[in-house]
Amino acid sequence: MNINITFPDGTDHSYQTGITSSEIAKQISPGLFKKSVAAKFNDQPVDLNAPLLKDGSLEILTVDTADGLHVLWHSTAHIMAHAVKALYPEAQFGVGPAIENGFYYDIDIDSKLSQDDLQRIEDEMQRIIKRGSSFVRKELTKKEAVDFFAGQQQDKYKLELLADMEDGSPSIYSEGDFTDLCRGPHIPSSNMIKAFKLLSIAGAYWRGDEKNKMLQRIYGISFPKKAQLDEYLFCLEEAKKRDHKKLGKELDLFSFHREGPGFVFWHPKGMRLYRTIETYLVDKLTQYGYGEVKTPIILNDALWKKSGHWDNYKENMYFVDIDEESYAIKPMNCPGSCLIYNSNMHSYRDLPLRLAEFGNVHRHERSGVLNGLFRVRQFTQDDAHIFCTPDQIQDEVKACIDFVQEVYKDFQFYEYHIELSTRPDKSIGSDEIWQQAEDALRDALINKNINYKLNPGDGAFYGPKIDYHVRDSLKRSWQLGTIQLDFSMPEKFELEYVGSDGNKHRPVMIHRAIFGSIERFIAQLIEHHGGRLPVWLSPIQAVVLPLSEEQLAYSHAVFSKLKDAGLHVEMDARNEKIGYKIREAELGKIPYMLIMGKKEVENKQISVRTNKDGDLGSMEIDALIDKMNYEIQQKA
RNA sequence: GCCACCUUAGCUCAGAUGGCAGAGCGGCUCACUCGUAAUGAGCAGGUCGCCGGUUCGAUUCCGGCAGGUGGCUCCA
C-alpha cells in the first residue's frame with residue numbers, strides 16, 4: 001500500500017504507508033534531514049518519527065524556520081523540567097510553552113530559586129542533553145493519563161489541565177526518565193540542542209489568575225548552534241542600550257524621583273521634545289477638523305458616579321476633599337468633554353463635533369507595574385471625543401484610522417499591529433449596544449482592509465476599541481493609539497442633538513488617541529531611534545564648535561544666524577580640544593556639529609559633521625540652513 | 001498588589017570573615033589655544049536608600065520599609 005505525499009513546492013511523491021517524515025527528509029537530502037526538527041502533515045504539527053498513514057501534504061520543519069525553532073524551544077523546556085525534577089524530586093509543573101523568543105516553564109517547588117540554582121539547572125540540562133535521549137510520544141486514554149499524574153508522577157497541575165481537556169486522547173512525551181503531558185511535537189533527540197541559556201526567574205500565577213498560587217517561572221532560550229546563542233545574547237545587550245530609561249538619563253530628557261513614584265519630571269531638553277510633538281499634533285488637529293478644549297483635573301465625585309467610573313474604575317483613581325465635598329482627580333477626560341457638549345444645544349448640522357484635549361490624567365497604577373515612561377501614574381493623553389450621529393460612525397472611525405496611520409508614518413513607526421478589543425466582564429450598556437458598536441469597528445477595519453487581531457473581553461468598560469500596539473527595544477508590546485466607540489456615556493450624560501425631523505436624538509461618542517499618552521509615545525520614539533532622533537525632533541539640532549578662542553566671534557555670528565533661522569542650536573565655547581567637543585556632541589546624539597576653524601572664518605563657511613554621515617566638508621551658512629530646514633520639513 | 005533580584009560620590013561601578021570608604025567619568029581651579037569620538041595637573045565631593053535589631057563596634061550580619069529592574073496580574 002502506498003500513500004501520496006504533496007510537498008510545499010507543489011510536487012508530490014508516492015511512499016509506502018507508514019513511512020515517517022524523518023525517512024522522507026533523509027531521502028530528499030541529508031542536509032534537510034540534519035536540520036529537521038518536526039513536520040507539518042496536513043497542516044498539523046507532527047513528530048518526525050510519526051508514521052504517515054494516509055495521503056496528505058507534508059512540510060518538513062527545520063531549525064531555520066520560526067516554527068522549527070519553536071519546536072526546539074519547547075523541547076528545551078522539557079529538558080529544563082527534566083533537570084528541575086532531577087534536582088527537586090518534589091517539583092510539580094504548570095505549563096511550559098515556547099514563546100516568541102525562547103521558552104519558559106512554570107514550576108512549583110518549595111525552595112526559592114536563585115541565579116545560582118539556574119546555573120545548577122543548566123549543568124543538569126547539559127548532562128541530560130549529552131545523554132542524547134530521544135523524545136518518545138505515547139497516546140493514552142484520559143483515565144490512563146489521570147492515573148499516571150495522580151500516581152507515578154504526581155502533579156496536581158497536570159491533573160487540572162487534564163480535567164479541562166475536551167478531546168479524549170491526551171499524549172505524553174518521555175525523554176529519558178522524564179515524562180510530561182504534552183501535545184508535541186518534539187525534536188527527535190535532545191542532542192539537537194547545541195546551545196541554551198536560562199535567562200531569568202519570575203513569579204507567575206497559575207493560569208494567569210492572581211487568586212491562584214504563584215509559581216516560579218524560568219525563562220530560557222536555545223539554538224541549534226552556539227553562534228546563534230551568542231548573537232542572541234549580544235542583541236539583548238544592544239537592546240538594553242536603547243532603553244529609554246537609560247537614554248533619558250544620558251540625554252538629560254527627564255527623571256524620576258522617590259518623592260513621586262510614577263510621576264515624570266521633564267527636563268528642558270525632554271520638554272522641548274514633548275512640545276515639538278504636541279505642536280505637531282495641534283497643527284494636524286486643525287487639518288482634521290478638531291477643536292481643542294481643556295477640562296479641569298479635579299471634578300466632583302457626583303460626575304464620576306454618573307459616568308460609571310466610580311463603579312468601574314475607582315481602584316485606579318485618586319480622591320481629594322475640597323470644602324467638605326469629595327472630588328476625584330480625573331483618570332480620563334470623557335466626562336469633562338460631555339459637560340462641554342451639554343453646555344450648548346446641538347443641531348444635527350453641528351455634527352460631527354470633534355473635541356480634542358491634551359488631557360492630564362492621573363491613574364493609581366499598582367506599584368509593581370510602573371515602568372519608566374511606558375507606565376506612569378500621571379500622563380497626558382492626546383485625547384479626543386467625537387460626537388456624531390449613528391450614520392456618521394463609519395466615516396469618523398475610518399478618518400481616525402487614517403489620522404493615526406498618517407501620524408505614525410511621520411514618526412517612522414512602521415511596525416505595529418492592530419487589535420480589536422470587545423466587551424469586558426466589567427462593563428456598562430446593553431448587549432444590543434455592544435453588538436452594534438463592535439460591528440461598527442469591525443466593519444471599519446474590514447472596509448479599510450486592515451489586518452487585526454481579535455482581543456476578546458479587553459475593551460473599555462463603556463465600549464469596544466481598536467488599539468495600535470508597538471514593540472519596545474525588549475520586544476514588549478505597548479498600546480499607543482486607540483479608537484473607542486461609546487454608546488453608553490451619551491446615555492448617562494443625556495447628550496442630545498436635534499435631528500432634521502425636529503426631534504431630539506442621542507449622539508454616539510468616539511474616544512480616540514493617537515499617541516495614546518505623550519509619555520509612552522516619547523519612550524517609544526527614543527527606543528525606536530536609539531536616542532538618535534531625527535533632526536525635527538532633536539531637542540538640540542546643531543552645536544557650534546569653535547576650534548579655539550580665535551574663532552569665537554565668527555562662531556557667535558553663525559550661532560545667532562542659525563538661531564534666527566528658528567533652529568535649536570547651541571554653542572560649545574569651552575576651552576577644550578575639538579575632538580573632545582565632538583565626542584561630547586556625539587554622545588549627546590546631536591545631529592549637526594558645526595566646526596569653526598581658521599579656514600571657515602576666512603572663507604565665511606562652516607565645516608559640517610553629522611552624527612549620521614560624519615564629516616561632510618565645508619559649506620555656506622545658507623546652504624546649511626536650507627539643508628537642515630529641508631530635513632526638518634521632510635521629517636527625515 | 002504578587003514573585004525574584006538590585007540600591008556605595010552627580011553618573012558608571014569596585015570594595016572588606018564586622019574595625020576611619022575607593023576608581024573612572026563629571027564638577028571646580030590652573031596650565032595648554034588645539035582640525036573631526038577623551039590634553040595634563042591639582043582640589044572638592046559620601047550618615048554606603050531609610051528605620052529597627054544583634055554587636056564593644058554595622059556600609060558589611062538579621063528583620064522591616066521605601067525606591068528601582070525583570071516577570072505575573074492589570075493598563076495608555
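Lettering of chains follows the sequences in order, A, B, ..., and the numbering in each one begins at 1. The figures here come from the full heavy-atom set of this structure, side chains too, leaving out hydrogens, waters and symmetry mates. Every value quoted in this text rests on a predicted model; they were computed, and no experiment measured them.
If you take atom P in rG24(B) and the same atom in rG19(B), they sit 24 Å apart, rounded to whole Å. Look at the C1' atom in both rU59(B) and rC48(B): the space between them is 4 Å, to the nearest Å.
The side chain of Y580(A) sits closest to rA38(B) out of rC3(B), rA38(B), rG49(B). The side chain of K112(A) lies closest to rA4(B), out of rC72(B), rC74(B), rA4(B). Of the candidate nucleotides rC2(B), rG1(B), rG70(B), rC2(B) has the atom nearest to the side chain of M214(A). For L547(A), taking side-chain heavy atoms from C-beta onward, the closest of the listed nucleotides rA37(B), rG35(B), rA76(B) is rG35(B).
Across all strands shown, rG22(B) pairs with rC13(B); the Watson-Crick or G-U wobble distances both stay below 3.5 Å. Nucleotide rC43(B) has rG27(B) as its partner under the Watson-Crick or G-U criteria, with both atom distances under 3.5 Å. Remark: rC65(B) base-pairs with rG49(B). Criterion, Watson-Crick or G-U wobble with two distances under 3.5 Å. Pairing for rC72(B) is with rG1(B), a Watson-Crick or G-U wobble pair whose two hydrogen-bonding atom distances lie under 3.5 Å. rC34(B) makes up no base pair with any nucleotide shown, lacking Watson-Crick or G-U wobble contacts both under 3.5 Å.
The six-membered or imidazole ring of H70(A) lies away from that of H74(A), with a centre-to-centre distance of 6.0 Å or more.
With hydrogens and angles left out, the side chain of N575(A) and the base of rC34(B) share a donor-acceptor pair within 3.5 Å. Evaluation of atom-type donor-acceptor distances gives a pair under 3.5 Å for the side chain of E586(A) against the base of rA37(B). For R375(A) against rC74(B), a side-chain N or O and a base N or O form a donor-acceptor pair under 3.5 Å. For rG1(B), the base has no donor-acceptor partner in the side chain of E365(A) [N/O atoms by modelled type, under 3.5 angstrom]. Contact of Y205(A) with rG71(B) (side chain to base): no donor-acceptor pair of N or O atoms is detected under 3.5 Å.
Looking only at side-chain heavy atoms (C-beta outward), W304(A) and F319(A) stay at 4.5 Å or farther from each other. Two residues are said to be in side-chain contact when any heavy atoms from C-beta on lie closer than 4.5 Å; M509(A) and C338(A) meet this criterion.
For the pair N212(A) CG and rG71(B) P, the computed distance is 22 Å after rounding to whole Å. Remark: P of rC3(B) and CG of L118(A) are 18 Å apart, rounded to the nearest angstrom. Between the CZ atom of F515(A) and the C1' atom of rC75(B) there is a distance of 20 Å, given to the nearest Å.
Stacking between F379(A) and rA76(B) is present: the aromatic ring centre lies within less than 5.5 angstrom of the base six-membered ring centre, and the two planes differ by under 30 degrees.
The phosphate of rU12(B) has OP1 or OP2 within less than 4.0 Å of a side-chain N or O from K249(A).
For the residue pair R242(A) and G530(A), the shortest heavy atom distance occurs at CD-CA, 3.6 Å.
In this pair, F521(A) and F515(A) present their aromatic rings tilted. The plane angle is within the 30 to 60° band.
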